[in-house]
Amino acid sequence: MATRALMRKYGVGYETVQRALVSALPEPRKKMRPRATRLDPYKPVIDAILKADLTAPRKQRHTVKRIYDRLLDEHDAVDISYQVVRTYVAERRGEIRLQAGKGVADAFVPQTHRPGAEAEVDFGDVTIKLAGKLVTCYLFAFRLSYSGKAVHRIFASAGQEAFFEGHVHALNVLSGVPTGKVRYDNLRAAVAQVLGLSRRRIEAERWTASGSHYGLDALYCQPGIRGAHEKGGVEGQIGWFRRNHLVPVPKVATLAELNEMIDRWDQQDDARRNRSRPRTIGEYFAAEQPLLVPLPEEPFETGRLSTPRVDRYSQICVRMNRYSVPVRLIGRTVRVMLHVSELVVYDGREEVARHERLIARNESRLDLDHYLEALIRKPGALPSATVLDQARAAGRFTPIHDAWWAAAVKAHGEREGTRALIEVLLLSRHLPHEQLVAGLAAALKSDALTADAVALEARKAADAENDPAQAPSSAALGSQTGMAQLPAAVRAHLPPDKRPLPSVAHYDQLLRLRPPDRPTQS
């Protein structure tokens, strides 16, 4: 076709046809020279601020708003808008990072995990309502990277005892140990010192022993936010678990109750799918579990050992809290095994005390039984004793104890009545608490205000429990005397009295042997 014919067919000019004949591809458009803007005088200032941010602390770097405010305050840039500054900073921030050799920010590389080879561990803080109070606890998570199977546990602290106990629980649930790397933060429970920017770490001594026991191969992530990205699976798992199972805030009486609920939730989560994966977590874990290394036969001791000295108050100080021990140990050094939920005290090989671990600091947990030998010599110290208040709050010292104590004081005096109560409390070392309370109630009804009478009545209650067939009928309960004379609070705690009414028929035979010269007395 002629040039004019091409011009008429495509509706273009002569020069366009000539350029098309020279090259099938059009020439690239010429870039227009950037037009001058009002921001041009301030661009070097903004670039200097962004370069300084490269070495500034992460949480003290300039935002766009701060850059704009500085331009207004320090350079009187009243003729520029915030939107113009924001657009320029968004373009230049990445360019300046590349020019400084910092690399591309927020670049993630997809990973593929082999079955049974890798896992991730982390702690996350959660808030729960424990016994009516809002407290901050810590959620331990152990997650297998291939299947996404996760085991959770909530502890009162994130200390080394919780770290070890979380591992023991998780490995027992999984019934095996990963064959490859397990990724960790640089938490103090495991890492004693971080050696520079490398991945070399000086591990805590007990953590090294635990890793050797189970054959764990620990890999420590980089410090800071970059390390969190290296174990994003467990980081996201903790957030998902917190949003889906701990919202609203759970209300429980004890952490053991909450952990039972968490075990059920972990089993239910096996039926869900992670994102767009074709099978459920439980199905992937069923294929992964046989590839785990079997557990060792002996479990690892998770408690922390210490050797405090018993003070003159018969107490030991452990982690800024005080716990009681028997008074015979005053002045001696004892061994304490501190677990995440309890504390066990040993004198040599003998266990002498066991307490539930306190969550807060500067508190005390005292056992009334530990002070009985001292109180038998100093009965006047019992009414205002701190240990008595704690025994009442725990339900070990009931209103029946108080009623029997008041009756004993009225009958024998303050000192001897209190000493009789302490002798009754000593019976708790040999009798169950319920039987002792039943013995106190029975002795109170019959005005038997001695420790021997309480012991006798408690053993009768024990015999009635062991052989119910020998217990008399309860039809005679309505005719019992003395019940209405007891306080209402005491009557509410009294057990059913199945004993028959007392009778003096057996004494009639003595009347037949009366000498004839002695008159009968009414």
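If you read the sequence from its start, that first residue is 1, and numbering goes on from there.
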Is a side-chain N or O of [X] found less than 3.5 angstrom from the main chain of [Y], in a donor-acceptor match?
| X | Y | result |
| --- | --- | --- |
| T179 | G116 | yes |
| R354 | V345 | no |
| D347 | V334 | no |
| R419 | I376 | yes |
| R415 | G380 | no |
| R242 | D125 | yes |
| R357 | H339 | yes |
| E257 | A253 | yes |
| N321 | N362 | yes |
| S324 | D367 | yes |

Worksheet item: Less than 4.5 Å apart, any side-chain heavy atom of Y313 and any of L366?
Response: no
Worksheet item: Are the side chains of D402 and R392 in touch, meaning some heavy atoms are under 4.5 Å apart?
Response: yes
Interatomic distance, [X] atom [atom1] to [Y] atom [atom2] [nearest 0.5 angstrom]:
| X | Y | atom1 | atom2 | result |
| --- | --- | --- | --- | --- |
| S145 | H113 | OG | NE2 | 5.0 Å |
| Y184 | W207 | OH | CH2 | 3.5 Å |
| Q390 | R365 | CD | CZ | 7.5 Å |
| I422 | L427 | CD1 | CG | 12.5 Å |
| I154 | I128 | CD1 | CD1 | 5.5 Å |
| L216 | T208 | CG | OG1 | 11.5 Å |

Discussion item. Parallel, tilted or perpendicular, judged at 30° and 60°: which one describes the rings of F163 and H167?
Written reply: perpendicular
Worksheet item: Under 3.5 Å, is there a donor-acceptor pair between the H213 and S210 side chains?
Response: no
Taking only Lys NZ, Arg NE, NH1 and NH2, and the carboxylate oxygens of Asp or Glu, determine whether [X] and [Y] approach each other closer than 4.0 Å.
| X | Y | answer |
| --- | --- | --- |
| E373 | R429 | yes |
| R396 | D369 | no |
| D263 | R153 | yes |

Worksheet item: Between Y284 and R277, is there a cation-pi geometry (under 6.0 Å to ring centre, at most 45° from the normal)?
Response: yes
Below 3.5 Å, can you tabulate the donor-acceptor pairs from side chains in residues 132-141 to any protein atom, sequence neighbours excluded?
none

Worksheet item: Can R328 and E350 be said to form a salt bridge (charged side-chain N to carboxylate O under 4.0 Å, His left out), step by step?
Response: CA-CA 14 Å; R328 60 182 174 81; E350 178 188 3; 3.7 Å; yes
Worksheet item: Residues two or more places apart in sequence or in another chain: which of them pass side-chain contact (heavy atoms from CB on, under 4.5 Å) with A131?
Response: none
Item to complete: Taking the six-membered ring for Trp and the single ring otherwise, decide whether the centroids of F241 and H152 are under 6.0 Å apart.
Response: yes
Worksheet, complete the sentence: When every non-hydrogen atom of P178 is compared with those of L144, the smallest separation belongs to CG-CD2, 4.0 Å
Item to complete: Return each pair, listed once, that meets ring pair (Phe, Tyr, Trp, His ring centres under 6.0 Å) where at least one residue sits in residues 250-272; pairs must be two or more places apart or across chains.
Response: H245-W265
Worksheet item: Got a sec, which pairs hit ring pair (Phe, Tyr, Trp, His ring centres under 6.0 Å) with one end in residues 361-389, sequence neighbours left out?
Response: H355-H370
Only pairs under 3.5 Å count here: list side-chain donor-acceptor contacts from residues 292-306, not counting sequence neighbours, and write none if there are none.
{"from": "E301", "atom 1": "OE2", "to": "G303", "atom 2": "N", "distance (Å)": "2.9"}
{"from": "R304", "atom 1": "NE", "to": "E161", "atom 2": "OE2", "distance (Å)": "2.8"}
{"from": "R304", "atom 1": "NH2", "to": "Q160", "atom 2": "OE1", "distance (Å)": "3.1"}

Discussion item. Once salt bridge (charged side-chain N to carboxylate O under 4.0 Å, His left out) is applied, do any residues pair with D185, and if so which ones, sequence neighbours excluded?
Written reply: K231
Worksheet entry | Criterion side-chain hydrogen bond (donor to acceptor under 3.5 Å, both in side chains) against S147, the qualifying member of Q289, E283, E288 | E288
Worksheet item: Would the number of heavy atoms belonging to other residues, nucleotides or ligands and lying under 6.0 Å from CZ of R272 be above 12?
Response: yes
